Number of protein chains: 2
Amino acid sequence: MKISSMQEYGLRCILCLAAHKCDTPMTVREIAEKECLTTDYVEKILVTLRHAGLVKSIRGVNGGYVLEMPSKEISVAKVLESLGPVELGKSICKRFSGETDKCVHQGNCSIRPVWGVLNQFIYKFLSRLNLENLNQSENELKAEIERQCI
Amino acid sequence: MKISSMQEYGLRCILCLAAHKCDTPMTVREIAEKECLTTDYVEKILVTLRHAGLVKSIRGVNGGYVLEMPSKEISVAKVLESLGPVELGKSICKRFSGETDKCVHQGNCSIRPVWGVLNQFIYKFLSRLNLENLNQSENELKAEIERQCI
DNA sequence: CGGAATCTTGACTATTTTATCAGGTATTGT
DNA sequence: ACAATACCTGATAAAATAGTCAAGATTCCG
């Protein structure tokens, strides 16, 4: 059970933009240096985020990337979704091994509700969190989440 | 965000064993047929489950696999854990990209609590569920989970 | 005993996901 | 205009995951 590295790194990159207070856009190189990633990889991630409408690019000298909207309006769920699937069991029930072209449990699958409930919780949780929330110290955030969610 | 196919298929296979009421063990072939997987793949999965002490094998003619303990005592969490990681962000904070040998956010990572809370919820939830619970119709289970968990 | 049924193992191949590379295109400042 | 800066794109390489194959070991039964 894991998130893809694109999702994790993408979240970090966009968080970089959210934390960047200056008016000037942030270049790919700056983000890459901050996160210790290669510029090529950061590039790729940002292109995906741009296609999802979460960041926008400014070309030319002094160009770079900025958030498309205020950090408060960008939920973690949106960021992760744009970089890959967020639901847990979804892909499995669509991939089938060899012999049949539909899930053996089509009619009655007792595993489905397990993923269902988890997905619902995960999605709700990630939708409530936005980049502004994440833009505070680890301890503050932890406290806030625990107060709010448990 | 996804579970590995080994985890999904492994859960299905051990669920097969749990649902198998006869005294005789179930052969790899029978499980494979029921789940529409190849015998080789089922084999591989069962070996893993055996190493985790969740099933035991009986060799020779009339052999096969049986649960190592009553289905009530086997939690879904244990099954999934034995087949791969269950925690979400764990592997990411240990994999690093290229340039440094430790996480850039070591000291103060606001993403960590996000995975932390999710992991805690997921783990609790999957620990409460056992194979006996799953061994009922989709609708019954769904009702039970929703009553209990939300 | 001897062979059929069944598990056991490890190496191998295929597919998907990650990450890099290199060459291209757009924009801006001077 | 033009050179510098920075985004854009598609091909390719590397690594991880998924799935297959083949030969071996163990047990049962006649």
Side-chain angles (χ1 to χ4, degrees), chain A residues 1-13 17 24-33 35-52 54-66 68 80 83-85 90-92 94-100, chain B residues 1-13 17 24-33 35-52 54-66 68 80 83-85 90-92 94-100:
Chain A
M1 196 171 307
K2 65 182 187 192
I3 54 165
S4 77
S5 47
M6 276 273 244
Q7 286 176 318
E8 166 97 26
Y9 293 138
L11 184 53
R12 291 191 197 170
C13 289
L17 291 183
T24 60
M26 218 176 161
T27 68
V28 168
R29 171 189 297 267
E30 288 173 308
I31 299 173
E33 270 167 14
E35 297 299 330
C36 282
L37 299 170
T38 63
T39 55
D40 285 308
Y41 195 28
V42 171
E43 190 69 62
K44 193 171 201 171
I45 290 170
L46 287 177
V47 166
T48 307
L49 291 174
R50 185 168 57 80
H51 286 150
L54 298 177
V55 303
K56 76 182 160 200
S57 69
I58 296 164
R59 303 179 73 143
V61 177
N62 299 326
Y65 281 94
V66 294
E68 178 73 53
L80 296 180
L83 294 159
K90 199 165 190 180
S91 57
I92 299 283
K94 283 191 183 139
R95 284 190 262 151
F96 320 102
S97 187
E99 338 234 330
T100 58
Chain B
M1 197 171 301
K2 65 185 186 189
I3 54 166
S4 76
S5 48
M6 276 273 246
Q7 286 176 318
E8 165 95 25
Y9 293 139
L11 184 53
R12 290 191 197 172
C13 288
L17 291 183
T24 60
M26 219 176 160
T27 68
V28 168
R29 171 189 298 265
E30 288 174 307
I31 299 172
E33 271 167 14
E35 297 298 331
C36 283
L37 299 169
T38 63
T39 55
D40 284 308
Y41 194 29
V42 170
E43 193 67 64
K44 192 174 198 169
I45 290 169
L46 287 177
V47 165
T48 307
L49 291 174
R50 184 167 57 81
H51 286 150
L54 298 177
V55 303
K56 77 182 157 198
S57 68
I58 295 164
R59 303 177 72 144
V61 177
N62 299 326
Y65 281 93
V66 294
E68 178 75 52
L80 296 180
L83 294 158
K90 198 163 191 181
S91 56
I92 299 284
K94 285 194 181 139
R95 286 191 259 149
F96 321 100
S97 188
E99 337 235 329
T100 59

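Model, not experiment: these values are computed from the prediction. Letters A, B, ... are given to chains in the order of the sequence lines, protein chains preceding strands, and every chain is numbered from 1.
- Considering only heavy atoms from C-beta on, A:Val55 stays 4.5 Å or farther from A:Cys13 through its side chain.
- Atom CG of residue B:Leu80 and atom CE of residue A:Met1 lie 5.5 Å apart, to the nearest 0.5 angstrom.
- The side chain of A:Tyr41 approaches C:dT18 more closely than any other nucleotide in the set C:dT18, D:dT20, C:dC7.
- For the pair B:Ile45 CD1 and C:dT8 P, the computed distance is 15 Å after rounding to whole Å.
- Atom CD of B:Glu8 sits about 10.5 Å away from atom CD1 of B:Ile45, to the nearest 0.5 Å.
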Exercise for the section: Starting from the C-alpha separation in whole Å, work towards a yes-or-no answer on side-chain contact (heavy atoms from CB on, under 4.5 Å) for A:Glu68 and A:Leu54. Expected result: CA-CA 5 Å; A:Glu68 178 73 53; A:Leu54 298 177; 5.6 Å; no

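- Rounded to whole Å, atom C1' of C:dT17 lies 14 Å from atom CD1 of A:Ile3.
- Phosphate contact (OP1/OP2 of D:dC8, side-chain N/O of A:Ser57, threshold under 4.0 Å): present.
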Handout entry: Base versus backbone protein contacts along nucleotides 9-17 of chain D [heavy-atom cut-off under 4.0 Å; B, S, -]
Key = S-------S

Donor-acceptor pairs under 3.5 angstrom involving side-chain atoms of residues 24-32 of chain A: please list them, not counting sequence neighbours.
{"residue": "A:Thr27", "atom": "OG1", "partner": "A:Glu30", "partner atom": "N", "Å": "3.1"}
{"residue": "A:Thr27", "atom": "OG1", "partner": "A:Glu30", "partner atom": "OE1", "Å": "3.4"}
{"residue": "A:Glu30", "atom": "OE1", "partner": "A:Thr27", "partner atom": "N", "Å": "2.8"}

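- A:Leu17 approaches A:Tyr65 most closely through the heavy-atom pair CD2-O, 3.6 Å.
- A close approach under 4.0 Å does occur between a side-chain nitrogen or oxygen of B:Thr38 and OP1 or OP2 of D:dT20.
- Look at NZ on A:Lys56: it is 19 Å from P on D:dA6, rounded to the nearest Å.
- Distance check: B:Lys2 NZ to B:Gln7 CD gives 11.5 Å after rounding to the nearest 0.5 Å.
- B:Arg29 places its CZ atom 16 Å from the P atom of C:dT8, with the value rounded to the nearest Å.
- Rounded to an integer number of Å, the gap from B:Met6 CE to C:dT16 C1' is 16 Å.
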Exercise for the section: For nucleotides 25-30 of chain C, just jot down a letter per nucleotide in 5' to 3' order: B, S or -, based on protein non-hydrogen atoms under 4.0 Å. Expected result: BSBBS-

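- Scanning all heavy atoms of the two residues, the minimum distance from B:Gly10 to B:Leu83 falls at CA-CD1, 3.6 Å.
- The line from NZ of B:Lys44 to OG1 of B:Thr38 is 10.0 Å long, rounded to the nearest 0.5 Å.
- Following rounding to the nearest Å, B:Glu8 (CD) and D:dA18 (P) show an atom-to-atom distance of 12 Å.
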